[in-house]
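The structure appears below as structure tokens.
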2 protein chains.
Amino acid sequence: MKIHVLAQKTGLNPPTIRYYEKEGLLDRRHVERRDNNYREYTEEAVEHLLLIKRVQAAGFTIREIKVILKEEDGNKLELSRAIEFLRKKMKEMDRRKRELEESQSLLARMLNNKLALLAKKGTSENKPLP
Amino acid sequence: MKIHVLAQKTGLNPPTIRYYEKEGLLDRRHVERRDNNYREYTEEAVEHLLLIKRVQAAGFTIREIKVILKEEDGNKLELSRAIEFLRKKMKEMDRRKRELEESQSLLARMLNNKLALLAKKGTSENKPLP
DNA sequence: ATAAACTATAAAGTATACTTGAAGGTCAAG
DNA sequence: CTTGACCTTCAAGTATACTTTATAGTTTAT
């Protein structure tokens, strides 16, 4: 498929997809060139980009995504590094989930405060001075 | 306390604290100026900055933090806006938690794949060709 | 055949969140 | 009373992740 079709299917736009390719997030599994130099994308590219979107929304940088999604080249050392990296990231995500939950209960408290404040104002607004 | 003390207590560095002030994240509850133009911070500033760090780690931008942490000025309309904003953000955080969990199980699968691959390589590495 | 709608590259621009650097004022110790 | 460690402001620089712009080639529809 051509770039605008992929863009449509993934919710990204063409320049972003080209940018991802330039940054090394796409490889021969996802894209090749036709005779006219146009990019031709595989179905796999759709899944791949949707996955990138999800992982990125979870807070990964493009470089990190590149590391975890890159094609397995059969190198044992690189494999071990990837494993180590993934473990580190899993822990990091646990931490972020905790932070998210803490912040959420924080916001809940703030929300309650503001609601209480609003209720009080709502009932006292038109009262005369004491 | 002076800026470097606050910096030490919060794990931020002075320029960052000044930057936050410039961006409107600190107000008279947290800083004032002494005669020599040096900033003097209150104890409240410590808590405030630690809170900023947490909320930011949870994915909020500085502008958003500014909105949710700004001093209550008693304006009913602004209060309503803040409440609406907080509710929106709570939902967003729910979504981010889900994304985080999805990505986490994704990474777990990838980790398992790589571990299996490594184990296979580990046992077959020294075998002669069939 | 020609206009509209794509495609390509490269380079510059944008937003966010800082960090670094320059140039100078203040303060405590020896 | 000067040295060193602070403090100040303002401007410029950095990294990330795009987006926009400029220029040009290709395809599709009429």
Side-chain angles (χ1 to χ4, degrees), chain A residues 1-26 28 30-42 45 48-70 85 89 92 96 99 103, chain B residues 1-26 28 30-42 45 48-70 85 89 92 96 99 103:
Chain A
M1 74 193 79
K2 278 193 283 186
I3 199 162
H4 80 275
V5 178
L6 180 63
Q8 218 180 319
K9 287 189 180 183
T10 58
L12 299 168
N13 42 39
T16 305
I17 296 172
R18 292 190 194 102
Y19 168 72
Y20 284 169
E21 181 181 344
K22 198 176 133 215
E23 293 303 310
L25 263 55
L26 303 178
R28 63 186 160 299
H30 319 107
V31 68
E32 56 177 24
R33 293 304 181 109
R34 298 199 314 201
D35 286 351
N36 54 13
N37 196 35
Y38 283 17
R39 289 170 180 84
E40 179 66 29
Y41 294 95
T42 63
H48 191 72
L49 286 176
L50 290 176
L51 197 148
I52 287 172
K53 276 183 91 176
R54 276 233 304 266
V55 176
Q56 198 183 21
F60 284 73
T61 67
I62 279 181
R63 284 197 182 176
E64 289 171 339
I65 295 172
K66 191 177 158 183
V67 173
I68 64 173
L69 294 189
K70 78 153 173 286
F85 181 72
K89 281 292 142 188
E92 207 177 295
R96 256 220 291 283
E99 280 163 351
S103 293
Chain B
M1 74 193 79
K2 278 191 283 187
I3 199 164
H4 78 275
V5 177
L6 179 63
Q8 218 180 319
K9 287 190 180 182
T10 57
L12 299 168
N13 43 39
T16 305
I17 296 172
R18 292 192 194 102
Y19 169 72
Y20 284 169
E21 182 181 344
K22 197 178 133 214
E23 294 302 311
L25 263 55
L26 304 177
R28 63 187 161 299
H30 320 107
V31 197
E32 55 178 22
R33 293 306 180 108
R34 298 198 315 200
D35 286 351
N36 53 15
N37 197 33
Y38 284 16
R39 288 171 179 84
E40 179 65 29
Y41 293 96
T42 63
H48 191 71
L49 286 176
L50 290 175
L51 197 148
I52 287 172
K53 276 182 91 176
R54 277 233 304 265
V55 175
Q56 198 184 20
F60 284 74
T61 68
I62 280 181
R63 283 197 182 175
E64 289 171 338
I65 295 172
K66 191 175 155 184
V67 173
I68 63 173
L69 293 188
K70 77 152 175 284
F85 182 71
K89 280 292 142 185
E92 207 177 296
R96 258 220 291 284
E99 280 164 352
S103 292

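Throughout, protein chains are lettered first and strands after them, A, B, ... in sequence-line order, and every chain is numbered starting at 1. Everything numeric in this text was worked out from a predicted model, so none of it was measured.
For the pair A:Val67 and A:Arg63, the minimum side-chain heavy-atom distance is 4.5 Å or more. Using a 4.5 Å cut-off on side-chain heavy atoms (C-beta onward), A:Leu26 and A:Leu49 make contact. A 4.5 Å side-chain heavy-atom check between B:Leu69 and B:Val55 finds every atom pair outside the cut-off.
Here C:dC27 presents its P atom at 11 Å from CG of B:Asn37, a figure rounded to the nearest Å. Protein atom NZ of A:Lys22 is 10 Å distant from nucleotide atom P of C:dT9, rounded to whole Å. Atom CG in B:Leu49 sits about 15 Å away from atom C1' in C:dC18, given to the nearest Å.
For the OP1/OP2 pair of C:dA8 and a distance below 4.0 Å, the side-chain nitrogens and oxygens of A:Arg39 include at least one atom meeting the criterion. In terms of phosphate contacts, A:His4 brings no side-chain nitrogen or oxygen within less than 4.0 Å of OP1 or OP2 of C:dA5.
The span of DNA chain D lying next to chain B, judged by atoms under 4.0 Å from heavy atoms, is bounded 5' to 3' by D:dC6 to D:dT9.
Checking side-chain atoms of B:Lys2 against main-chain N and O of B:Tyr38 turns up no donor-acceptor pair under 3.5 Å. No donor-acceptor distance shorter than 3.5 angstrom exists from the side chain of A:Arg96 to the backbone of B:Gly59, with no hydrogens or angles considered. Using modelled atom types, no side-chain atom of B:Glu40 and backbone atom of B:Arg33 make a donor-acceptor pair closer than 3.5 Å.
Among the heavy atoms of the strands lying under 4.0 Å from A:Gln56 are primed sugar atoms or P, OP1, OP2 only; no base atom is included. Here A:Arg33 lies in heavy-atom contact (under 4.0 Å) with sugar-phosphate atoms only.
The minimum heavy-atom distance between A:Pro14 and A:His4, with the atom names listed, is CG-CA, 4.5 Å.
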For each nucleotide in nucleotides 19-26 of chain C, reading 5' to 3', give B when a protein heavy atom comes within less than 4.0 Å of its base, S when such contact involves only the sugar-phosphate, and - otherwise. SB----BB
Determine all donor-acceptor pairs shorter than 3.5 Å in which one atom belongs to a side chain in residues 15-22 of chain B; sequence neighbours excluded.
residue, atom, partner, partner atom, Å
B:Thr16, OG1, B:Asn13, OD1, 2.6
B:Tyr20, OH, B:Gln56, OE1, 3.3
B:Glu21, OE1, B:Arg39, NE, 2.7

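Open room surrounds CD on A:Gln8; 12 or fewer heavy atoms of other groups in view lie less than 6.0 Å from it.
Of the two residues contacting DNA chain C, namely B:Phe60 and B:Lys2, the nearest-nucleotide position lying further toward the 5' end is that of B:Phe60.
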